Structures are given as C-alpha cells and as structure tokens.
Amino acid sequence: MLALIGTFSCPRSAPGTENGKVTGRLSLGYDNIVLTQAASKTNHLFPSVHLDSRISLFPHSKRLGGVFRFQNGSRVMVSEDENILLNQADLGLSLLISPKVSSEVLGKVKYKSISRAEDVPIQGEYGYRYWNSGVVLKYCENAFDSGIRYLYHHRNYVDREFLDSKNHQIQFMTNALFTSTLTGCLSAKVEIFRFEKHRGTLVQEHADTFYELSFGCQWIHGLLINPAYALQRNTSDHAEYSFNAHQFSILTALPLCWEVTLQCYGQLQLCKYDSQEPTISSVPDDDTIEQSNNVLVLSLSKDIRDNYSLEMKYLLSRTDPSSSSEKYQKQSYSATVSYLF
C-alpha cells in the first residue's frame, strides 16, 4: 500500500534464496459505484479467482539473485455480465556489487482483457496493455540506506478512447534508523508524462511534468504506524491539468486477540488547480485502486494454518473532496480465502 518505507531496503544477503511458491485466492465481493453529476449508480457482485506464482532465481549465488512472479486471475461482474481476465509477469534481478552497494533490474508486463455482453457506462472497467522497466542503485551502511531508481512506464488502452500514456520516472529515497523502533524516510520524485491518442488523422495529446517531495516515518513497537506527507506539483501544457497538492497517508497494523490482525490504510490528496479542473475521463482501475489518491482500506486477517488464511476487507475510494467537478465514489466489501501450495 505505502511505498515510502522499505522501497530501497538493503540486501543483507543476496536475494533469491527461497523456493518457488504458489498462492491461490478465492474471493467473493460486492461493490457500488456512484457518479454524482451523471446521476448514475451501479452495483456489482463479483466472485474472483487468483493465482500468484513466485520462483526464486539463482538460489545458490551469493552475489546474483532474482525473482520471477506470474499472476493471473479472473473476476466476474454478475449484474453486468462482464468477465475480467488479468495476467501479469514481474521480473527482478539483483547484483550485490559490494557489501554496501547493490543494483537491480526491474521489469513488468500486464494485460487486462474485458468481455461483456454489451457496452457499459463509465463505471465499468477497461482493457489495457501495460509494461514498465527500470534500474535501481542502492547504498546501505548500518542504520542508513539510500537509493536512486529510474522507471519507464507505458499504458495502452485496448478498446477505449482514453489517452494512452508514457512516462519516465526518477526517484531518490533515503531511510535512517533513529532507534530500534523508529525509522525516518525522505523521498524526491520527478515524472515526465506524455498522453496521446490517434483518432484517424487527428492526434490528441498533452504533456505533464510531476514533482513530489515526501517524508514519513515508521514506528514498530507492538503495532505498526507509518504516516507520511507529500508536497506535489503538476505542470501541463493544458492548463486544466496543472495543480498543487498536499497528500497525507497513514498505514497501521495492530495484532488483536485470536491471532487476528487489523490493518488500516488511508490516503487523502487535496488539490488546487491552476484553472478549471478537468472532468472525470476514467475511474481508478480496480487492480490498483488501493494506490489511488483518496482511499480508505480496512481489513481483518487471520492465519488458520500454515497454508490457510482468511481476510475481510472494506474499501472506500472517491474523488478529491475539495473538487467541484463530477463526484466519483466507490465502496467495496470482500471476503477472501487464501491457500499456499
């Protein structure tokens, strides 16, 4: 959920030492989506099946490591007669250059396809192809670590007129262990976006540059508390996409009785646009909605045995509460059973 702490965690030993694992998940959920200005509302009951396979590479190497991960899943929107298939492959290779310096090469490919009986309103999900690649360089010494990362992203929508996107991201992050229970983090990020869509002989496009400076901390002592704040600025060659924003987030985890764990994650972004703000062109994708700008997630989880676990989850996602344009809100409830093969 929150990537501020641990994104550049230091390898005390070469990664890739675990055996391959497969996790299967069976979920039953319900959500409702409201688009205020359009006076529309949809309700979905969705069973879903998900398999997550993980294979460690070079398990016997002290300097070279890696992980290959493949995920595939299917979700059925009962009321909309809509089937969603998702396939994703991740590859990470790491090299321990010295006891204090390491590097990584990252790659991800994701394909989402939608089959439906007929067209659905904007609340429906959309198929796309997505991939990214990048490199990371890390430095770690005792209670201090830092790293710099470059990523290239590309998203292409399959059957919709949304703008396809390409972006370059450079991020610097440093973590400092102040005490045995308290860690601090400082991060700076720059992203250059290019959005475009070809419609016959016409080309619709615009370019954005996004800046973010964030800091946070992580406290672990019986429970986990991870608050963070980010100052953001987006500049665009289309004035309606330029804004300043303050983003607040917090992640907490608390062990309860009977070995049940309560987790809470919240993120709030307050935007001020340079001019009239844009209307909603698409809603957050269900597969990444927990990373959306305004979201609240509550979950209860319990390990039944070494191989079984249960989770109950509630999710609330909405547009910026200070926004005066179209309002979007989604609530989701789900129950999941996981089995580790």
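These numbers were taken from a predicted model, which means no experiment stands behind them.
- Checked against the 6.0 Å centroid criterion, the rings of Y229 and F215 qualify as a close aromatic pair.
- Note on L262: it clusters hydrophobically with I250, by side-chain heavy-atom contacts below 4.5 Å among ILVMFWY residues.
- A donor-acceptor pair under 3.5 Å is absent between the side-chain atoms of N156 and the main chain of D164, judged by distance alone.
- Hydrophobic clustering, with ILVMFWY side chains joined whenever heavy atoms are under 4.5 angstrom apart, groups Y308 together with V22.
- Note that CG of L213 and CZ of F172 are 11.0 Å apart. Values are rounded to the nearest 0.5 Å.
- Taking the charged nitrogens against the carboxylate oxygens, R69 and D52 do have a contact shorter than 4.0 Å, which makes a salt bridge.
- L224 is not listed as a side-chain neighbour of T252, based on a closest heavy-atom distance of 4.5 Å or more.
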Checklist entry - side-chain hydrogen bond (donor to acceptor under 3.5 Å, both in side chains) between Q269 and Q232: does it pass, once the steps are laid out? => result CA-CA 9 Å; Q269 184 190 58; Q232 301 170 333; 2.7 Å; yes
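- In this structure, H246 and F248 have parallel ring planes: the angle between them is below the 30° cut-off, well short of the 60° mark.
- Using the six-membered ring where Trp is involved, F243 and F210 have ring planes that are tilted, between 30° and 60° apart.
- With sequence neighbours excluded, the residues forming a side-chain contact (heavy atoms from CB on, under 4.5 Å) with T261 are Q263, S301, listed by chain and number.
- V105 and V109 end up in the same hydrophobic cluster when Ile, Leu, Val, Met, Phe, Trp and Tyr side chains are linked at under 4.5 Å.
- Between K110 and L86, the closest side-chain pair of non-hydrogen atoms falls below 4.5 Å.
- Proximity of W219 to C217: side-chain heavy atoms (C-beta onward) are nowhere separated by under 4.5 Å.
- Between T179 and L182, the shortest heavy-atom contact is OG1-N, 3.1 Å.
- Side-chain contact check for L223 versus I225: some heavy-atom pair is nearer than 4.5 Å.
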Item to check | Test log, rule side chain to side chain contact (heavy atoms under 4.5 Å, CB included), inputs L300 and L256 | outcome: CA-CA 9 Å; L300 290 171; L256 304 177; 4.1 Å; yes
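- Minimum interatomic distance between D208 and S236 (heavy atoms only, all atoms of both residues): OD1-OG, 2.6 Å.
- Heavy atoms only, all atoms of each residue included: A239 and D274 are closest at O-CB, 4.4 Å.
- Looking at N72, its side chain never comes within 3.5 Å of a backbone N or O of Q88 through a donor-acceptor pair.
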Item to check | Chi angles and distances behind the side chain to side chain contact (heavy atoms under 4.5 Å, CB included) call for Q71, N87 | outcome: CA-CA 6 Å; Q71 304 173 72; N87 294 282; over 6 Å; no
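- Placement of F341 and L26 in two distinct hydrophobic clusters is found when ILVMFWY residues are connected by side-chain heavy-atom separations under 4.5 Å, directly or transitively.
- Pairs passing the salt bridge (charged side-chain N to carboxylate O under 4.0 Å, His left out) check and including a residue from residues 83-100, sequence neighbours excluded, read D90-K108, K100-E141.
- Between V101 and L137 the shortest side-chain heavy-atom distance falls below 4.5 Å.
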Checklist entry - After noting the C-alpha distance and the side-chain angles of Q331 and Y30, does the key distance pass the side-chain hydrogen bond (donor to acceptor under 3.5 Å, both in side chains) rule? => result CA-CA 8 Å; Q331 295 188 76; Y30 170 84; over 6 Å; no
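- For the residue pair S187 / Q171, a side-chain donor-acceptor distance below 3.5 Å is found, with atom types taken as modelled.
- Here the two rings, on H154 and Y130, have centers that are 6.0 Å apart or farther.
- The aromatic rings of F70 and F68 sit parallel to each other, their planes meeting at less than 30°, with 60° as the upper class boundary.
- Across L298 and C264, no two heavy atoms sit closer than the pair CD2-SG, 3.4 Å.
- Contact between C185 and N175 at its shortest, heavy atoms only, is SG-OD1, 3.1 Å.
- For the side-chain contact (heavy atoms from CB on, under 4.5 Å) test with K166, the passing option among H153, E196, R155 is E196; the others fail.
- You'll find the ring centres of Y152 and Y150 outside the 6.0 Å limit.
- A heavy-atom distance below 4.5 Å is not found between the side chains of L231 and E212.
- Residues H168 and E191 are not in side-chain contact: their nearest non-hydrogen atoms beyond the backbone lie 4.5 Å or more apart.
- The minimum heavy-atom distance between L151 and G134, with the atom names listed, is CD2-CA, 3.6 Å.
- A donor and an acceptor atom, one from each side chain of N294 and R318, are nowhere located under 3.5 Å apart.
- The shortest distance between side-chain heavy atoms of N167 and R194 does not fall below 4.5 Å.
- Under 3.5 Å, the side chains of S146 and T174 contain no donor-acceptor pair of N or O atoms.
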Checklist entry - Going through the checks in order, is the side chain to side chain contact (heavy atoms under 4.5 Å, CB included) test met by L91 and L93? => result CA-CA 7 Å; L91 177 65; L93 299 175; 4.2 Å; yes
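- There is no side-chain donor-acceptor pair under 3.5 Å between S332 and D31.
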Item to check | V135 and L106: CA distance, side-chain angles, deciding distance, side chain to side chain contact (heavy atoms under 4.5 Å, CB included) verdict | outcome: CA-CA 6 Å; V135 293; L106 308 173; over 6 Å; no
